[in-house]
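Keep in mind the model is a prediction, meaning the values are calculated, not measured. Note on naming: letters A, B, ... go to the chains in the order of the sequence lines (proteins, then strands), and numbering restarts at 1 for each one.
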Number of protein chains: 2
Amino acid sequence: MARAATTSDAFNAVAEPRRRDILNYLAMQERSVTEIVDAMEMEQPSVSKHLKVLKRVGLVEVRREGRQKLYKVNAMAIRPLHEWTSTFERLWKHQLLRIKERAEANNAQKQ
Amino acid sequence: MARAATTSDAFNAVAEPRRRDILNYLAMQERSVTEIVDAMEMEQPSVSKHLKVLKRVGLVEVRREGRQKLYKVNAMAIRPLHEWTSTFERLWKHQLLRIKERAEANNAQKQ
DNA sequence: TTGACATATTCCTATATGAGAATATATTGG
DNA sequence: CCAATATATTCTCATATAGGAATATGTCAA
């Protein structure tokens with residue numbers, strides 16, 4: 001078996017940095033493909049292909065406006081990623097706490 | 001250019017579902033490779049290869065204990081994912097609020 | 001209808017994968 | 001040292017890319 005398809009879920013789709021760039025850009029507001037192309041400094045076909053992947057996994061939505069197509073983020077589709085990472089939040093906070101404690105103990109010893 | 005290497009960053013590493021499974025399992029506590037193999041119901045070489053990827057991007061840490069190697073999560077490496085997804089939190093909360101408002105308006109009309 | 005603009009698709013290729021099978025390496029007890 | 005246990009590596013193969021180039025499709029204005 002090869003690697004899971006980029007379109008298999010949001011995790012795979014956002015693994016590609018260019019697609020995260022596009023999502024970051026769209027987070028501000030809805031944009032046409034040309035606007036994305038100009039902002040990202042990517043070839044238009046590349047942008048279209050990335051948008052296709054993002055649309056497939058529900059990370060963006062499109063609507064037509066004249067000859068343009070306006071893409072916007074569907075933030076809800078990012079939630080599963082956020083929730084998954086949140087399960088580890090307790091762990092890294094614990095880690096940070098220990099680092100802080102160690103630093104303070106170190107400081108106290110120097111006094 | 002092909003897809004970015006799974007070892008290029010945490011985003012790519014956790015795109016693979018089996019690796020997320022392993023991280024979830026390790027979130028509870030440090031475990032040996034054999035324990036992971038038994039829990040995940042995967043072949044031992046597969047587990048070792050996945051652990052190699054996770055280690056490469058800093059998502060896990062290892063220490064030897066006799067003939068065993070004990071792996072544990074390094075939660076800090078998951079933070080970048082969490083922070084990136086957090087950027088969109090405002091957006092989906094806004095989305096949820098609008099859904100709620102619409103539901104309430106709908107309810108009021110039925111009264 | 002035609003031309004111009006906007007977006008999408010197809011074809012190509014180098015490349016990296018994940019699983020499975022086989023094998024190698026490392027560590028300990030006796 | 002040897003045998004047993006624990007883990008890692010190598011090899012092969014089917015598969016899915018991402019980007020570039022070329023082209024197709026869609027939509028409006030005149």
Side-chain angles (χ1 to χ4, degrees), chain A residues 1-26 29-57 59-73, chain B residues 1-26 29-57 59-73:
Chain A
M1 206 187 301
R3 222 205 289 204
T6 55
T7 51
S8 57
D9 57 28
F11 284 94
N12 281 279
V14 306
E16 169 62 29
R18 310 303 253 145
R19 283 194 284 268
R20 288 202 301 281
D21 291 343
I22 291 175
L23 289 174
N24 289 340
Y25 181 60
L26 292 180
Q29 71 178 89
E30 196 179 44
R31 297 286 190 179
S32 72
V33 177
T34 302
E35 284 175 317
I36 301 171
V37 168
D38 292 345
M40 302 288 103
E41 299 186 339
M42 299 172 61
E43 299 294 324
Q44 176 267 314
S46 275
V47 170
S48 280
K49 280 181 273 188
H50 283 312
L51 288 171
K52 187 178 185 177
V53 172
L54 292 173
K55 195 174 66 178
R56 197 76 87 91
V57 299
L59 279 164
V60 299
E61 286 170 359
V62 215
R63 71 183 175 92
R64 204 174 245 299
E65 177 85 22
R67 352 185 170 181
Q68 311 194 122
K69 282 194 177 174
L70 300 180
Y71 282 83
K72 69 173 176 186
V73 171
Chain B
M1 208 187 298
R3 225 206 284 204
T6 55
T7 51
S8 56
D9 57 30
F11 283 95
N12 280 280
V14 306
E16 169 63 28
R18 312 303 252 143
R19 283 195 283 267
R20 289 202 301 282
D21 290 343
I22 291 176
L23 289 174
N24 290 339
Y25 181 60
L26 293 179
Q29 70 177 91
E30 196 180 43
R31 298 284 192 180
S32 73
V33 176
T34 302
E35 285 175 317
I36 301 171
V37 168
D38 292 345
M40 302 286 104
E41 299 186 339
M42 299 172 61
E43 298 295 324
Q44 177 266 313
S46 275
V47 170
S48 280
K49 280 180 274 187
H50 283 311
L51 287 171
K52 187 178 185 176
V53 172
L54 292 173
K55 196 174 66 179
R56 197 76 87 91
V57 299
L59 279 163
V60 298
E61 286 170 359
V62 215
R63 71 185 177 91
R64 204 175 247 299
E65 176 84 24
R67 352 185 170 181
Q68 310 193 124
K69 282 194 176 174
L70 300 180
Y71 283 83
K72 69 173 175 186
V73 171

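- Residue-level contact check: K49(A) touches the bases, meaning some heavy atom is under 4.0 Å from a base atom.
- Ion pairing between E61(A) and R63(A) fails under the 4.0 Å rule for side-chain N and carboxylate O.
- Distances shown here put every side-chain N or O of S46(A) at or beyond 4.0 Å from the OP1 or OP2 atom of dA18(D).
- When rounded to the nearest whole Å, the span between CE of M42(A) and P of dA8(C) equals 13 Å.
- Atom pair L70(B):CG and dA8(D):C1' shows a separation of 16 Å (rounding to whole Å applied).
- S48(A) comes within contact range of at least one nucleobase, with a heavy-atom separation under 4.0 Å.
- A donor-acceptor pair is defined here as one N or O able to donate and one able to accept, closer than 3.5 Å; no such pair exists between the side chain of R31(B) and the backbone of V33(B).
- Looking only at distances, no side-chain donor or acceptor of Q68(B) sits under 3.5 Å from a matching main-chain atom of E65(B).
- Distance CG (D38(A)) to P (dC5(C)): 14 Å, rounded to an integer number of Å.
- In this structure, D21(B) atom CG and dG18(C) atom P are separated by 14 Å, rounded to whole Å.
- In the set dT17(D), dG26(D), dA8(C), dA8(C) carries the atom at the smallest distance from any side-chain atom of K69(A).
- Atom pair M1(B):CE and dA21(D):C1' shows a separation of 16 Å (rounding to whole Å applied).
- Residue R18(A) has its side chain nearest to dG19(D) when only dG19(D), dA16(C), dT27(C) are considered.
- Regarding contacts with the backbone of dA8(C), every side-chain N or O of K52(A) stays at 4.0 angstrom or more from both OP1 and OP2.
- Contact annotation: T34(A) side-chain N/O to dT7(C) OP1/OP2 distance is under 4.0 Å.
- As a whole-Å value, the separation of Q68(B) CD from dG29(C) P is 12 Å.
- The Y71(B) side chain lies nearest to dA8(D) when the options are dT17(C), dT9(C), dA8(D).
- In this entry the distance linking CG of N12(B) with P of dT17(C) reads 9 Å, nearest Å.
- In this structure, E35(A) places its CD atom 12 Å from C1' of dA6(C), rounding to the nearest Å.
- In this structure, the side chains of Q44(A) and S48(A) come closer than 4.5 Å at one or more pairs of heavy atoms.
- Between the side chains of N24(A) and D21(A), no donor-acceptor pair of N or O atoms lies under 3.5 Å.
- Remark on DNA chain D: of its neighbouring residues Q44(A) and R3(A), the 5'-side contact belongs to R3(A), judged by nearest-heavy-atom nucleotide.
- Side-chain proximity of R64(B) to dA26(C), dT27(D), dA14(C): nearest is dA26(C).
- The shortest distance between the side-chain N/O atoms of R19(A) and the OP1/OP2 oxygens of dA18(D) is below 4.0 Å.
- Among the heavy atoms of the strands lying under 4.0 Å from E16(A) are primed sugar atoms or P, OP1, OP2 only; no base atom is included.
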